[in-house]
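Given the structure is predicted, the values throughout are model-derived calculations rather than measurements.
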Amino acid sequence: MRLRFPMKSAVLAFVVFLVFIPQFSVGIRMIPGRITAVSATVGNGFDLGSFVEAPEYRNGKECVSQSLNRENFVSSCDASLVHVAMTLDSEYLRGSIAAVHSMLRHASCPENVFFHLIAAEFDPASPRVLSQLVRSTFPSLNFKVYIFREDTVINLISSSIRQALENPLNYARNYLGDILDPCVDRVIYLDSDIIVVDDITKLWNTSLTESRIIGAPEYCHANFTKYFTSGFWSDPALPGFFSGRKPCYFNTGVMVMDLVRWREGHYREKLETWMQIQKKKRIYDLGSLPPFLLVFAGNVEAIDHRWNQHGLGGDNVRGSCRSLHKGPVSLLHWSGKGKPWVRLDEKRPCPLDHLWEPYDLYEHKIERAKDQSLFGFSSLSELTEDSSFL
């Protein structure tokens, strides 16, 4: 992989096309261009801030060349690429930018990664503004933004233990088979509060055996019963849906998904069925996770735990500090209430938040970033060696 730092005198050049996708999304296709970093304040006064332009990560000679179409941009349908889906919104924008940066930084072939970014229709910032910010930060990034129609799911959402879990965009993962282009057969879904410190291609190469639909790290030592209410377990019929399975907890913030099998099996409808049941009788308290457990637990392709060191945001109430689990680390995940960018800005960071900080491209920390050699880390071991926090 070759690293080239951007030219700050770059010229604004991008083209946006709107493509209608019935019911679920609208696609905004970004043709590679180059614009300087921007600061955006949307019409209602919501300030997104500004981000510095990331280094330009290029493929090395060992990488297979990209497939360019006649308009000279990479197609979202190219099956030879690594496809990553994430949400994109004004509240978690800083996390999404850091996550993308971390993947590019550690990818063996960064130009062979395509990002499918899903923005809410009624976000305080328009999807067009969010697209501009992504393009200004990553001028050569292969990505497409889709607009998620929140009315698709809003009437199915029930109250949760934490209000943030009720955001309709949290349910976009349920609709990936409908939102993404039909030609996208396989995708890695990632939450926005993660960083990847390994080559994302390794996760992409996960085999989904025995016709499994999704793969994720499983945690079979966890108390599975706590993810559902006593009313669920006392119901004469509902617990029987786990019959014949050995269900284990898994976190839906990191999943490898076979979208061909997903669409053929009508798994979006199966998730919606459980959400409809939840509206009639309270069977869980945790937002978008329990329907996935009900549909998939016990039939998940187990992925190494290194690919989801989750829970770093603490619990859903206090967001207290957590330690890393034992073992190697490829992905760190700040699931829970506490987010590293919030705690860092409030000058009350947890020790592990400093592992997220080198990937933060938010402009207010540029001078500090220079002092800390922002782009000099190549692995988690380097980060921990340079830090006195662990």
Side-chain angles (χ1 to χ4, degrees), residues 158 160-161 165 170-171 173-174 176-177 186-191 194 202-278 281-312 315-316 322 324-331 333 335-336:
S158 56
S160 180
I161 192 173
L165 299 177
N170 287 334
Y171 294 83
R173 73 196 85 191
N174 300 24
L176 288 178
R186 178 183 172 93
V187 73
I188 298 170
Y189 174 82
L190 297 175
D191 276 351
I194 62 99
K202 297 177 183 177
L203 181 59
W204 176 253
N205 289 334
T206 299
S207 297
L208 299 180
T209 62
E210 300 180 9
S211 300
R212 292 190 174 99
I213 314 301
I214 65 172
E218 290 185 300
Y219 303 89
C220 295
H221 63 280
N223 180 6
F224 190 79
T225 61
K226 72 177 184 179
Y227 295 100
F228 301 94
T229 64
S230 58
F232 172 87
W233 295 112
S234 62
D235 188 274
L238 295 180
F241 282 92
F242 290 118
S243 178
R245 291 190 273 167
K246 295 181 179 179
C248 295
Y249 163 75
F250 65 95
N251 180 280
T252 54
V254 179
M255 296 186 290
V256 178
M257 307 174 69
D258 185 321
L259 294 183
V260 174
R261 296 172 185 167
W262 179 283
R263 295 174 182 120
E264 290 175 348
H266 304 287
Y267 283 93
R268 182 256 298 170
E269 290 90 339
K270 292 177 181 179
L271 294 170
E272 287 180 333
T273 296
W274 283 110
M275 294 173 70
Q276 290 164 353
I277 293 173
Q278 163 76 349
K281 55 176 73 176
R282 187 80 175 176
I283 60 174
Y284 56 79
D285 295 317
L286 272 177
S288 62
L289 168 65
F292 269 86
L293 297 180
L294 286 159
V295 173
F296 294 108
N299 193 25
V300 173
E301 187 72 39
I303 296 175
D304 194 295
H305 288 176
R306 69 187 301 153
W307 284 104
N308 196 352
Q309 284 268 348
H310 68 289
L312 304 185
D315 58 28
N316 281 303
R322 295 276 180 87
L324 287 174
H325 309 297
K326 293 181 179 180
V329 181
S330 293
L331 184 150
H333 186 187
S335 58

Worksheet item: Relative to the ring of Tyr219, is the ring of His221 parallel (under 30°), tilted (30 to 60°) or perpendicular (over 60°)?
Response: perpendicular

Discussion item. Using side chain to side chain contact (heavy atoms under 4.5 Å, CB included), reason through Asn251 and Ser335 one step at a time and then give a plain yes or no.
Written reply: CA-CA 9 Å; Asn251 180 280; Ser335 58; 4.2 Å; yes

Discussion item. Strictly distance-based, threshold 3.5 Å: is any side-chain N or O of Arg245 a donor or acceptor partner for the main-chain N or O of Ala297?
Written reply: yes

Worksheet item: Do Leu331 and Leu190 have side-chain heavy atoms sitting under 4.5 Å apart?
Response: yes

Practice prompt. Look up atom CH2 in Trp262 and atom CG in Leu271, then write down how far apart they are to the nearest 0.5 Å.
Written response: 5.0 Å

Worksheet item: Under the salt bridge (charged side-chain N to carboxylate O under 4.0 Å, His left out) test, which residues partner Glu210, sequence neighbours left out?
Response: Arg212

Practice prompt. Check whether any side-chain heavy atom of His266 sits under 4.5 Å from a side-chain heavy atom of Thr273, and report yes or no.
Written response: no

Item to complete: Looking only at non-hydrogen atoms, find the nearest pair between Gly298 and Glu218 and report the distance.
Response: N-OE2, 4.4 Å

Worksheet item: So, for Thr225 and Trp233, which heavy atoms are closest and what is the spacing to 0.1 Å?
Response: O-NE1, 2.9 Å

Worksheet entry | Gap between atom CZ of Phe242 and atom CG of Leu293 - 0.5 Å precision | 6.5 Å

Worksheet item: What do you reckon, are the aromatic ring centroids of Phe250 and Phe296 less than 6.0 Å apart?
Response: no

Discussion item. Set out, in order, the CA-CA distance, both residues' side-chain angles and the distance that settles side chain to side chain contact (heavy atoms under 4.5 Å, CB included) for His325 and His305, then state yes or no.
Written reply: CA-CA 9 Å; His325 309 297; His305 288 176; over 6 Å; no

Worksheet item: Quick one: are Leu294 and Phe232 in side-chain contact, heavy atoms under 4.5 Å?
Response: yes

Worksheet entry | Nearest-0.5 Å distance, CG of residue Asp304 to OG1 of residue Thr206 | 9.5 Å

Worksheet item: What residues form a side chain to side chain contact (heavy atoms under 4.5 Å, CB included) with Lys281, not counting sequence neighbours?
Response: Asp235, Leu238, Ile277, Ile283

Discussion item. One pair to check against side chain to side chain contact (heavy atoms under 4.5 Å, CB included): Tyr189 and Ile214. What are the steps and the verdict?
Written reply: CA-CA 10 Å; Tyr189 174 82; Ile214 65 172; over 6 Å; no

Worksheet entry | Non-hydrogen atoms of Pro328 and Gln309 that approach each other most closely | O-NE2, 3.8 Å

Worksheet item: Any side-chain heavy atom of Tyr267 within less than 4.5 Å of one from Arg261?
Response: no

Worksheet item: Which heavy-atom pair separates Arg263 from Leu176 by the least distance, and what is that distance?
Response: NH2-O, 4.4 Å

Worksheet item: Between His310 and His333, how do the two ring planes meet: parallel, tilted or perpendicular, split at 30° and 60°?
Response: tilted

Worksheet item: Leu289 versus Tyr249: any side-chain heavy-atom pair under 4.5 Å?
Response: yes

Item to complete: Could you walk me through whether Glu301 and Thr209 pass side chain to side chain donor-acceptor pair (under 3.5 Å), step by step?
Response: CA-CA 7 Å; Glu301 187 72 39; Thr209 62; 2.7 Å; yes

Worksheet item: So do Met257 and Leu208 actually touch side chain to side chain, heavy atoms under 4.5 Å?
Response: no

Item to complete: Please round to the nearest 0.5 Å and tell me the distance separating atom CZ of Phe228 and atom CD of Gln278.
Response: 10.0 Å

Worksheet item: Between Trp307 and Lys202, is a side chain to side chain contact (heavy atoms under 4.5 Å, CB included) present by the stated rule, with each step listed?
Response: CA-CA 10 Å; Trp307 284 104; Lys202 297 177 183 177; 3.8 Å; yes

Worksheet item: Side-chain contact, heavy-atom cut-off 4.5 Å: Asn174 with Phe292?
Response: yes

Fill in: Nearest heavy-atom neighbours spanning Gly265 and Lys270
O-CE, 3.3 Å

Worksheet item: Which atom names give the shortest non-hydrogen contact between Val254 and Pro217, and what distance separates them?
Response: O-CD, 4.2 Å

Worksheet entry | Point-to-point distance, once rounded to the nearest 0.5 Å, from CD1 of Ile194 to CG of Asn308 | 9.0 Å

